[in-house]
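Following: one structure in structure tokens, then a few remarks.
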Amino acid sequence: MEIFEEIEPLRAFLKGKREALKSIGLVPTMGALHDGHLALIRASKAENEVTVSSIYINPTQFNNQADLDKYPRTREADIKLLEAEGCDVLFAPQNAEMYSENQSLIFDFGTLDKVLEGKFRPGHFSGVALVVSKLFNIVQPDMAYFGQKDYQQFQVINRLKEELKFSIQLRSVPIIREKSGLALSSRNQRLSEQDKRNALFLYETLSEAKAQLLNGASFSKVRSEAEARVKKYEGVKLEYFELANKNTLQELGDTRDFKNGILLIAAFVNEVRLIDNMLLEVE
Ligand code: AMP
């Protein structure tokens with residue numbers, strides 16, 4: 001695997017690939033890689049001749065300094081995993097390579113980034129859009145791969161692509177979970193075994209809610225039950241639990257437009273903030 005920390009040598013390398021008509025797939029990550037990330041690498045390898053993964057903990061998307069400071073950094077293990085997966089290129093820049101000292105660009109996605117994650121993490125999606133725009137410009141991939149785990153992020157990046165006319169196909173890869181149902185996340189490394197059992201609140205709430213909604217229950221009832229149930233999970237604090245339109249991410253409330261419905265949840269397990277989601281997918 002070729003490893004680049006600087007933009008220009010990476011550009012030169014990829015120019016050669018493009019001239020040889022190789023298709024390029026991009027998998028952006030913040031490292032601390034797990035099977036969820038590797039599923040994106042596999043999806044890219046299946047469709048492209050060159051797969052570029054990036055590992056960059058993007059400071060502008062963190063609205064909480066402690067979360068940024070404590071974000072797991074496992075560079076050597078990440079490199080081994082990427083090599084074992086046959087990833088062709090790793091781009092792992094330092095902050096000075098990605099941002100000027102007086103960076104001040106801001107993105108605004110209207111109603112899309114004011115709800116859910118955007119509501120609780122102000123500025124988060126502006127930072128995501130900024131770093132993804134930079135990566136798209138640097139790598140100029142044919143295709144880029146993202147996880148359904150960060151569902152709102154995918155919708156934001158899709159809007160970014162439409163507005164900035166990026167000629168890149170976006171792919172969304174299903175959520176990879178532990179056997180228990182817990183969605184894989186780099187932040188899970190910060191959970192104890194007991195925390196992990198309590199973190200199952202997210203997946204259990206989504207699964208239970210989906211079953212109940214399809215059985216005729218209203219979302220208000222389902223949500224109040226979840227709010228009552230969370231008390232049984234020690235150290236878990238529910239931040240939001242919503243039923244939304246899967247394209248606009250605006251609340252569906254009790255409208256029962258389930259073919260367009262997605263359940264989304266965020267909760268703290270002690271200090272660690274986790275998110276998960278589940279499409280209702282009624283045929
Ligand atoms: P991150 O390193 O957390 O920024 O994630 C990098 C990419 O991996 C994003 O597109 C995530 O949506 C995706 N991802 C993270 N966790 C999972 C998972 N459990 N299953 C599938 N994709 C994931």
Side-chain angles (χ1 to χ4, degrees), residues 25-47 51-64 67-68 70-75 77-79 81-82 85 87 90-93 98 116-117 121 124-136 139 141 143-161 168-191 196 199-200 202-203 206-207 246 249 262 264-266 269 272-279:
L26 171 66
V27 179
T29 83
M30 298 202 297
L33 301 183
H34 51 65
D35 257 340
H37 298 111
L38 300 182
L40 306 187
I41 300 283
R42 283 176 211 131
S44 171
K45 281 189 66 77
E47 291 187 304
T51 290
V52 180
S53 168
S54 61
I55 295 182
Y56 178 57
I57 302 179
N58 171 38
T60 62
Q61 73 186 71
F62 284 80
N63 55 319
N64 175 328
D67 189 29
L68 173 60
K70 289 188 182 158
Y71 201 86
R73 289 158 170 86
T74 58
R75 183 185 158 107
D78 290 349
I79 290 174
L81 286 172
L82 290 173
E85 216 50 66
C87 180
L90 168 62
F91 178 49
M98 293 299 273
L116 303 163
E117 289 300 283
R121 302 184 69 189
H124 169 66
F125 287 119
S126 178
V128 168
L130 193 51
V131 78
V132 169
S133 303
K134 287 170 192 269
L135 291 170
F136 282 180
V139 176
M143 300 193 183
Y145 297 79
F146 299 91
Q148 191 204 308
K149 160 97 179 343
D150 297 271
Y151 189 88
Q152 189 175 12
Q153 168 174 285
F154 188 76
Q155 300 303 323
V156 165
I157 293 168
N158 208 15
R159 187 76 64 79
L160 179 77
K161 169 199 147 147
I168 299 171
Q169 285 188 49
L170 303 184
R171 295 273 198 260
S172 173
V173 175
I175 302 176
I176 306 295
R177 300 179 179 282
E178 289 191 356
K179 272 206 195 77
S180 64
L182 179 66
L184 297 190
S185 163
S186 303
R187 289 185 176 86
N188 291 356
Q189 291 193 13
R190 296 178 52 205
L191 301 175
K196 275 188 162 191
L200 273 176
L202 285 90
Y203 178 70
L206 293 170
S207 315
K246 68 179 181 190
L249 290 176
I262 182 166
L264 304 109
I265 192 165
V269 178
V272 183
R273 189 173 180 281
L274 302 175
I275 58 172
D276 201 349
N277 66 75
M278 196 174 279
L279 289 159

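Whatever order the structure lists ligands and atoms in, that order sets their numbers, starting from 1. If you read the sequence from its start, that first residue is 1, and numbering goes on from there. Any value given below was found using the heavy atoms of this structure, including those in side chains, with hydrogens, waters and symmetry copies removed.
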Legend entry - Under-4.0 Å heavy-atom contact with ligand 1, by part of Asp35 that carries it: neither
Inset, instruction - State whether the shortest distance between N or O atoms of Tyr145 and N or O atoms of ligand 1 falls below 3.5 angstrom. - result: no
Legend entry - Mode of Met30 contact toward ligand 1 - side chain, backbone, both, neither (heavy atoms, under 4.0 Å): both
Legend entry - For atom 5 (O) of ligand 1, closest protein heavy-atom neighbour: His37 NE2, 3.4 Å
Legend entry - Gly147-ligand 1 polar pair, N/O distance under 3.5 Å: yes
Legend entry - Test side chain to side chain contact (heavy atoms under 4.5 Å, CB included) applied to Leu40 - qualifying residues, sequence neighbours left out: Val27, Tyr145, Val173
Legend entry - Close N or O approach (Gly31, ligand 1; < 3.5 Å): no
Inset, instruction - Report, in ascending order of atom number, the atoms of ligand 1 lying under 4.0 Å from any heavy atom of Leu184. - result: 16 (N), 17 (C), 18 (C), 19 (N)
Legend entry - ligand 1 to Asp150 polar contact by distance, N or O atoms, under 3.5 Å: yes
Inset, instruction - Give a yes/no verdict on whether any heavy atom in Pro28 is under 4.0 Å from an atom of ligand 1. - result: yes
Legend entry - Proximal atoms of ligand 1 relative to Thr29 (non-hydrogen, under 4.0 Å): 2 (O), 6 (C)
Inset, instruction - Quick one: list whatever passes side chain to side chain contact (heavy atoms under 4.5 Å, CB included) with Arg75, sequence neighbours left out. - result: Ile3, Glu5, Ile79, Ala92
Inset, instruction - Give a yes or no answer on whether the side chain of Asp276 reaches the backbone of Leu264 with a donor-acceptor pair at less than 3.5 Å. - result: no
Inset, instruction - Below 4.0 angstrom from a heavy atom of Leu40, which ligand 1 atoms are there? Numbered from 1 as shown, please. - result: 7 (C), 8 (O), 10 (O), 13 (C)
Legend entry - Best match, Asn58, Ile176, Ile275: closest heavy atom to atom 18 (C) of ligand 1: Ile176
Legend entry - Side chain, backbone, both or neither: Pro174 near ligand 1, heavy atoms under 4.0 Å: backbone
Inset, instruction - Return yes if some donor-acceptor pair links the side-chain N/O of Asn188 with the main-chain N/O of Lys196 below 3.5 Å, else return no. - result: no
Inset, instruction - Identify which of Phe154, Tyr71, Tyr56 has a heavy atom lying nearest to atom 3 (O) of ligand 1. - result: Tyr71
Inset, instruction - Tell me, please: is Arg187 in heavy-atom contact with ligand 1, that is, under 4.0 Å? - result: no
Inset, instruction - Taking Tyr71 for its side chain and Ser186 for its backbone only, find out whether a donor-acceptor pair lies under 3.5 Å. - result: no
Legend entry - Expected output: side-chain Asp78 to main-chain Leu33 donor-acceptor under 3.5 Å: yes
Legend entry - Mode of His34 contact toward ligand 1 - side chain, backbone, both, neither (heavy atoms, under 4.0 Å): side chain
Legend entry - Phe146: numbered ligand 1 atoms lying under 4.0 Å from its heavy atoms: 10 (O)
